[in-house]
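Inspection log for the structure reproduced underneath, given as structure tokens.
Being a predicted model, the structure only gives us computed values, none of them experimental. All heavy atoms count here, side chains included; hydrogens, waters and symmetry mates do not.
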Amino acid sequence: MVFRIGTDAHLYDDPDDVSIAPLLDSKFDSEKCEALKRLLALIAQGFDVSNYFPQVVKNVASQSLEVKKLVYLYLLHYAEKRPNEALLSINCFQKDLGDPNPLVRAWALRTMAGIRLHVIAPLVLVAVGKCARDPSVYVRKCAASALPKVHDLRLEEHTSAIEEIVGMLLNDRSPAVVGAAAAAFASVCPYNLSLVGRNYRKLCEILPDVEEWGQIVLIGILLRYVIVRHGLVKESIMYSLQCTESSHSAKDGSDVDSGLVKESTDLSGTCDSEFVNTVSRCYMEGPYEYLSRSSCANRESFELNGAQFTSGKSNDDVKILLYSTSPLLWSNNSAVVLAAAGVHWVMAPKEDVKRIIKPILYLLRSSNASKYVVLRNIQVFAKAMPSLFAPYFEDFFIFSSESYQIKALKLEILSYIATDSSISSIFKEFQDYIRDPDRRFAADTVAVIGLCVQRLPKMAHICVDGLLALTRQEFVTEDFGFEDQEAGILTQVIMSIKSIIKQDPPSHEKVIIQLVRRLDSVKVPAARAMIIWMVGEYSSLGEIIPRMLTTVLKYLAWGFPSEAPETKLQILNTVCKVLEGATGDDLWTFKKIFSYLIELAECDLNYDLRDRARLLKKLPSCNLVSLGLEEETNDLPENDLLHIVAECILGRQTRKVKPESFSYRYYLPGSLSQIVLHEAPGYEPLPKPCSLLLDDLNVAEGTSEMKRAADYSGTDDYGSSSDPSDEESASDYGSQRSVTESSGSDRGDDSEFTSEGNYNADPLIQISDIGNASENQNGVSQSSPVNLGELMSNKALESWLDEQPGSSNPGLPKQSQVRISSARISVGDVGKRVKQKSYSLLDPASGNGLKVDYSFSSEISSISRLLVCIEVFFKNCSSEIISEITLVDEESNRAFDSADKTAVVNESSLTSSDDVPTLVPMESIVSLEPGQTTRRILQVRFHHHLLPLKLALYCDGKKLPIKLRPDIGYFVKPLPMDVEVFIDKESRLPGMFEYARRPA
């Protein structure tokens, strides 16, 4: 029995058992909550309760948080269906945007964004911009989540404003906000990568702290930015797109990077260069480029030039991206691991791609659904670079509880990674797989054995013996009724033997003879057809096969009427092949057999067989004029013409088919398209390398930044020691992150780069030795850095601190006294180095085009030392002139008359006034041209109040209420006191950092 006391589960049993309308009109919040919960329960069960919309909307102004939250959930569900009625509550939403509770502000924004109407789209955009600057992390995250909804309304005129908000949220300090902003960026402006360039290093540093699903989106964004900004990495697998061009130019004697070409050649044993080139090309191609290349008219593959590649060992942005994604390889989320592995697969050097192996193999222990996705990606990795997973072949051994799809993928991967040292263990596993009850899986195992032999020819004899043993089993001699799966196994066995024989026919003559001898016991039509094909294809091989051809053909002719159609077709082809190369006494016998078979085939019920018989019958007397070969073959004997036509029609010389056709496409690792094997909605290939110019970033990326980049010498490319065990530790990542933080802090605006030299020339704090009086009189400076070590010694510093002003010890020599008091610390001008923080006082959307920003100034007021100076900047962002701009206190009794300012505002009046913030009137602005910015100084006495100061801004005769928020740092004022009072105050200070001054 399940008890539901204290829960709301009973609402789902019979949610409409009471009258909901009276409860919504109740004056008690508990009854309103009960009614709203029942409505939400009905919505969850699929009922339409939109008829309660008017009664629910009027409760949006409730003061109860629980009621307000439930109302917002209801409105969010039905706002799009009842937009006109939802507009009635817009004022309440806007009011809740200023609520002190961040949850209420977030709920209001979510509901406003859920009303999909173009009429209120500007209001929603203003609300999103306001919430994007909210002090609450949750509200800013909701603002980022609302941006895609606003963008879906197709507001082309507000595109720049939306992108500006996205860029601002990407620069947020909170990982939660950055994750939501990354999702908004991918939905709103995925191609505006200049927004990412401004905050690239900060995004890399914050990446490990972002939520898991935000990490997936952010990883893809950072990867695309690096490619469009710096290009692909020379040492990665993507360099194969340029290897072909490099090799051609090397042959022509041009200047290429011979070291990289040689490296790709050396790795040919562990890397399938042709397959890697195909995969790399598919990563870069869009749908139209792929279709163009796949067409018969355009088979040429595109090449990338050397300028579109960068060095992964010297490029700081590439290294920081690899460092930031390294800890994500061990994430608890499988999708995050695949996303991080995809970055290393595309951008990491080939010798360092091994870092992704263990994390990916660890994912194989997860659920079957995740296991299938991981194996689909490993399938491409293992085929491109088999040496990566070759030592871990045991991880791909198959369990009986696994699904057929997972078994098939593991079998294919085992065929790629099998080596001479592991093939014996793998074959032992294959012997068990062949006896599996799932006969389709057993047939796949037989096919994989043939693939393994093609890669490892040394194991051909062992594998052929095992495959021949399968043809001797009992099911071969039985008539097949419903045992189609067993027939499939036998067909696959013959097909694998056929592929093995193709590699080295002379060494497998006895195998062909054994198959021919087993022909009477093999009843499967497809298997018999392949054996007969081998008889015709290798009819002239060795000494035994030509002598047994007469007997074999007589046997086939005798049983021709009872054969299957596919076997009959192959018998006709085989007889023609044998007849073509026959000489001597056997030629007359073969012609009689051929004539007999043609007569039987012409009377067969199968029309394909009849057509083939007529074709082969006319073959010796065919008219070559129709084939267009008359001019070229006039001088050739008739026998040679017969050979040419027979080779063309019968395919005596089979063409070698490439293992990878152009029609098969690969997709980026971790994408849905790689799983479903077609381009899923939302899939985007990698962008064109180096397509983003430096001017588009609007950041200063000079050579000085590269000089200050982290020095990774002594470690490998990931900051960890080059230990063969390749074990990753947390300390490695800690050091890596500290390096990225130090290098990332070097970014700044243009002023920071231009003033860097002045910082070194004029340091903020100087420690110097002023020397004795006689030395100073002689003009000899003692502030040279030679004496700096002596000045910074503990003894000298303590003696300087212990010295009392105006006191001297007569017992010490004069020189010692001079040395004790010679250390001096001088502090430079801090104001020039500290960049003032600016705050927004009025937004252009709310101020009819007038933008007002303010910043606290360190300037001292000329009226009173109690006043704080505030710099206020007025900017006209509209296209019209704004006139009569005045900023006053909201209550007139708090402001002074500007005409009597010098007479009224003084030290005594400010001190004797009430304990409320006081404002000195500002000089009004007569007019402000479009685009013009004007500065004014505002002087305020805050009286140590931390609440916002309510002001009124008048412009063009309109009153705009605004709030000026104080900064507590500017309330601190110096308190002058003499040494005795200071020592007394200091001795009374408790705490963990107590200090007792020693007597002099």
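Taking a cutoff of 4.0 Å between a charged side-chain nitrogen and a carboxylate oxygen, K371 and E402 qualify as a salt bridge. For the pair E684 and R224, the salt-bridge criterion is not met [side-chain N within less than 4.0 Å of a carboxylate O]. A salt bridge links R38 with E34: the distance from a Lys NZ or Arg NE/NH1/NH2 to an Asp or Glu carboxylate oxygen falls below 4.0 Å. With salt bridges taken as basic N to acidic carboxylate O contacts below 4.0 Å, none links K950 and D889. Salt bridge annotation for D134-R105: present, with a cationic side-chain nitrogen under 4.0 angstrom from a carboxylate oxygen. Residues K130 and D843 are not paired through a salt bridge, judged by the lack of any N-O separation under 4.0 Å between the basic side chain and the carboxylate.
Outside the 6.0 Å centre-distance limit, the rings of Y666 and Y283 are not counted as a close aromatic pair. A ring-centre distance under 6.0 Å is not found for F874 and Y854.
The shortest distance between side-chain heavy atoms of L951 and V888 does not fall below 4.5 Å. L328 places a side-chain heavy atom less than 4.5 Å from the side chain of L207. Annotation: side chain of N59 is in contact with side chain of K32 (closest heavy-atom distance under 4.5 Å). Here the side chains of L193 and F185 are in contact, with some heavy-atom distance below 4.5 Å. The side-chain heavy atoms of K95 and C92, taken from C-beta on, include no pair separated by under 4.5 Å. Counting heavy atoms from C-beta outward, V178 and L169 have side chains that stay 4.5 Å or more apart. Residues F93 and V60 meet the side-chain proximity criterion, which asks for heavy atoms closer than 4.5 Å. With a 4.5 Å cut-off on side-chain heavy atoms, L842 and K851 do not count as touching.
Around atom NZ of K958, no more than 12 heavy atoms belonging to other residues, nucleotides or ligands sit under 6.0 Å away. Enclosure of atom CG in N51 by more than 12 non-hydrogen atoms of other residues, nucleotides or ligands within 6.0 angstrom is indicated. Residue Y404 qualifies as enclosed at atom OH: its count of foreign heavy atoms under 6.0 Å is above 12. Surrounding NZ of K141 are at most 12 heavy atoms belonging to other residues, nucleotides or ligands under 6.0 Å away. Within a 6.0 Å sphere centred on NZ of K202, heavy atoms belonging to other residues, nucleotides or ligands number more than 12.
In this structure, A132 and A143 approach most closely via the heavy-atom pair N-CB, 3.8 Å. Residues L109 and L97 come closest through the heavy atom pair N-CD2, 4.0 Å. Nearest heavy-atom pair, L65 versus W107, reported as atom, atom and distance to 0.1 Å: O-CZ3, 3.6 Å. Closest non-hydrogen pair, S174 versus V137, comes out as OG-CG1, 3.0 Å. Here the shortest heavy-atom pairing between C131 and V139 reads CB-CG1, 3.6 Å. Of all non-hydrogen atoms in S62 and D29, the two that sit nearest each other are OG-OD1, 4.0 Å.
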request  = List the steps and the verdict of side chain to side chain contact (heavy atoms under 4.5 Å, CB included) for C204 and Y323.
outcome  = CA-CA 9 Å; C204 289; Y323 284 137; over 6 Å; no

request  = Under the side chain to side chain contact (heavy atoms under 4.5 Å, CB included) rule, what do I115 and I90 come out as? Steps first, then yes or no, please.
outcome  = CA-CA 10 Å; I115 303 176; I90 287 294; 4.1 Å; yes

request  = Please test V49 against Y74 for side chain to side chain contact (heavy atoms under 4.5 Å, CB included), starting from the C-alpha separation and ending with a verdict.
outcome  = CA-CA 10 Å; V49 291; Y74 179 91; 3.9 Å; yes

inquiry  = Using the rule given for ring-ring contact (aromatic ring centres under 6.0 Å, His included), can you reason through Y52 versus Y78, listing the C-alpha separation, both sets of side-chain angles and the distance that settles it, and then say yes or no?
reply    = CA-CA 10 Å; Y52 294 98; Y78 283 111; 9.9 Å; no

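A donor atom on one side chain and an acceptor atom on the other are not found under 3.5 Å apart for S331 and N333. The closest side-chain donor-acceptor pair between D25 and Q55 falls under 3.5 angstrom. Under 3.5 Å, the side chains of T325 and H344 contain a donor-acceptor pair of N or O atoms. Side chains of S194 and N192: a donor-acceptor N/O pair is present below 3.5 angstrom, by distance only.
Between Y683 and Y667, the ring planes are perpendicular. Angles over 60° get that label, and only those under 30° would be called parallel. Aromatic ring pairs are classed by plane angle as parallel below 30°, tilted from 30° to 60° and perpendicular above 60°; the pair F856 and Y839 is perpendicular.
Shown are I360, L363, I406; of these, the side-chain contact (heavy atoms from CB on, under 4.5 Å) with L375 is made only by I406.
For the atom pair I20 CD1 and L39 CG, the distance stands at 4.5 Å (nearest 0.5 Å). Distance check, rounded to the nearest 0.5 Å: OG of S838 to CG of D853 gives 4.0 Å.
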